[in-house]
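Data block below; observations after.
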Amino acid sequence: MKLYNKLFLVLIAFSTLGQSCSDSFLELKPRGTDLEENYYRNRQEAYNGLVAVYDVVGFQSSSYVTKILATSAASDDHSAGGGGSSDLPNIQAWSNYTVSPAVGPQEDLWRRGYMGIMRANVLLQKLPDIPMGDDEKARFTAEAKFLRAYFYFDLIRYFRNIPLILTPLVGDAIYQTTQAAPQEVYNAMEKDLTEAIPVLPINLNLSTEAGRASQGTARALLGKVYLQQEKFAQAADQFKEVNGEPGQTSKYGYKLLSNYADLFKVSNKFNSESILEISFTNTSVGDWGCIDCTEGNILNIMIGPRGYAAGAGAPDYVAGWGFLPLTNGLVDLIKGDPRYPYTVADMHQLQANGSASYTPGYMDTGYFLEKYAGRESNRWTGAGSFELNFPQNIYDIRLADTYLLEAEALVRGSGNTARAAALLNAVRSRVGLGAVAATFENIKRERRLELAGEGHRWFDLVRWGDAAAALSSKGFVAGKHEVLPIPLLELDNTQLEQNKEYGGTK
């Protein structure tokens, strides 16, 4: 692999994320590959190409490295867990901060990002010449720009020094590409998103378009891009557009669910709190012959208690692989909070009741992630392997996230503190908690409790400058572990330079 798998320079693979509704946007089933020069001849092929870009948002590899698994293991809310210290060594290395250029999750995270960017670049290059309606062509262009910015946002937060590639690479160009200044990448993301927002629809038809980007989705991402750069006023402006009046339905149709538990019901996909949702299905018949090909949610089987056996009245968890056990620090903080039973699968309590048992795994605490634990009630019994075919979706961005991010931007930017308090306390009120002052520390605490296990914590700690204090017991070294190393394979015969934190010069 050089920047991204060279196969994708000439072949476009059209697989999908799949969804539960047969008429929804991503319920598209073409398989195989097509030569790029013979593709993009009409509207349907452009649509297929757009689906192929969206597909990478839910990237899952045969090494089991995913965005939520890797970043959660690196945070102070989870340990890597699993069956032993050598179980998924790339995840273990980030969890205990022994990550090196040779060992860690960086290759899969890099591959995901540049695969998505490559597909977006190809589609953007081809769209002007495809015979199709102007309005739909403009929408496809806006969606591709949104997705390109989405992938760049993850990449720059992981690696800091990355190539900025805005057109398809051909010939030897791949070997001549260099890394851009981080600000150039941020500028490109801002440009893509500000161009996309006015073209994207205000609302989606969820019976046919669930999973696509809307204006609200792009504004939420732009707010995050601004906040990452500490452009607090601009971030707050974007989040305000997304959020509307705290506790009310925004112009984009977003509203906090009244019941926190409903967020994680498998049947409650694309609800009013969902802004960007990664879609999974149990109909792709994924099996061990091609783990990359499955459209099921593999996190569900990975995080369940090992050897779980349920008695009468016990939850119907599937016996899983024991990854991402919750840390005692998180459990101690969330005990007594109304979100506890919907966040924590408490094996201590179940064993004390005599209603269930399990086999402790590596770094076991007896606490597991309730939100995404696989369930027998969602177990696939058709063709394929049940472990690879769980249908639960995952939130990448949801409304409580953007409420708290706007509150943060307002407080840190000396903005409207009354509005910040209203946003913060709307999140608390939803679970029956009383109002607190809109301080930065209260917002930090609320983000940890509200979004536990959803993949935000590591990014938050690094953005706040709190990572060293929170993660030093895991081996985190300030001034080094805020970024990942550039994958070794990407340095082979290219112009890329390793990050200085890992022995390079960049």
Side-chain angles (χ1 to χ4, degrees), residues 5 7-8 11-34 39 44-45 47-69 82 88 108 111-112 115-116 119 206-212 264-270 274 277-304 306 308 316-323 371-396:
N5 191 328
L7 172 66
F8 293 104
L11 299 176
I12 303 295
F14 294 108
S15 59
T16 67
L17 294 174
Q19 295 188 25
S20 59
C21 177
S22 60
D23 294 326
S24 60
F25 167 60
L26 294 174
E27 189 70 23
L28 190 68
K29 295 297 181 186
R31 294 293 187 220
T33 57
D34 295 272
Y39 213 76
Q44 183 61 51
E45 292 182 352
Y47 180 81
N48 294 354
L50 179 61
V51 172
V53 188
Y54 275 102
D55 182 49
V56 186
V57 175
F59 173 84
Q60 299 179 132
S61 74
S62 57
S63 61
Y64 302 102
V65 173
T66 63
K67 175 182 176 179
I68 191 170
L69 178 68
L88 299 191
D108 283 296
R111 176 188 170 201
R112 172 186 184 263
M115 186 190 302
R119 293 185 182 188
L206 294 183
S207 66
T208 58
E209 299 180 323
R212 297 180 77 167
F264 304 100
K265 291 181 178 177
V266 174
S267 60
N268 198 23
K269 300 185 178 190
F270 303 109
S274 175
E277 189 166 328
I278 304 172
S279 187
F280 297 99
T281 179
N282 61 6
T283 62
S284 70
V285 300
D287 60 34
W288 300 111
C290 183
I291 297 170
D292 300 48
C293 303
T294 187
E295 311 299 342
N297 183 348
I298 63 173
L299 186 68
N300 285 164
I301 192 67
M302 296 188 74
I303 66 172
R306 298 175 70 86
Y308 180 78
D316 67 333
Y317 305 134
V318 172
W321 301 345
F323 284 94
K371 291 178 178 180
Y372 291 122
R375 300 276 187 163
E376 289 287 349
S377 53
N378 299 316
R379 181 176 174 138
W380 176 240
T381 58
S385 304
F386 86 87
E387 298 94 338
L388 304 178
N389 286 284
F390 285 92
Q392 186 177 13
N393 286 5
I394 290 175
Y395 301 106
D396 199 300

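Everything quoted here is computed from the prediction, not taken from an experiment.
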I'd like to know if the side chain of [X] and the backbone of [Y] have a donor-acceptor N/O pair within less than 3.5 Å.
X	Y	value
Thr294	Leu388	yes
Asn389	Gly286	yes
Asp287	Ser385	no
Asn393	Phe280	yes
Lys67	Phe59	no
Gln60	Gly296	yes
Glu376	Asp316	no
Arg375	Tyr317	no

What is the minimum heavy-atom distance between [X] and [Y], and which atoms define it?
X	Y	value
Ser61	Arg111	CB-NH1, 4.2 Å
Gly58	Ile278	CA-CG2, 3.5 Å
Phe390	Asn378	CD2-O, 3.8 Å
Lys371	Gln392	O-NE2, 2.9 Å
Tyr395	Ser274	CE2-CB, 3.9 Å
Arg119	Ala52	NH1-O, 2.7 Å

Report task. List the steps, then state whether side-chain contact (heavy atoms from CB on, under 4.5 Å) holds for Met302 with Thr66. Result -> CA-CA 11 Å; Met302 296 188 74; Thr66 63; over 6 Å; no

Can you tell if the side chain of [X] reaches within under 4.5 Å of the side chain of [Y], non-hydrogen atoms only?
X	Y	value
Asn300	Val318	no
Glu387	Ile298	no
Ser279	Phe270	yes

(message) For a quick check under 3.5 Å, do Tyr39 and Asn48 share a side-chain donor-acceptor pair by atom type?
(response) yes

Rounding to 0.5 Å, atoms CG (Asn297) and OH (Tyr372) come to a distance of 8.0 Å

Mind checking the CZ-CG spacing from Phe323 to Leu299? Nearest 0.5 Å is all I need.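 Separation between the atoms: 11.0 Å.
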
Would Ile301 and Phe386 satisfy side-chain contact (heavy atoms from CB on, under 4.5 Å), going step by step from the backbone distance to the final call? CA-CA 9 Å; Ile301 192 67; Phe386 86 87; 4.1 Å; yes

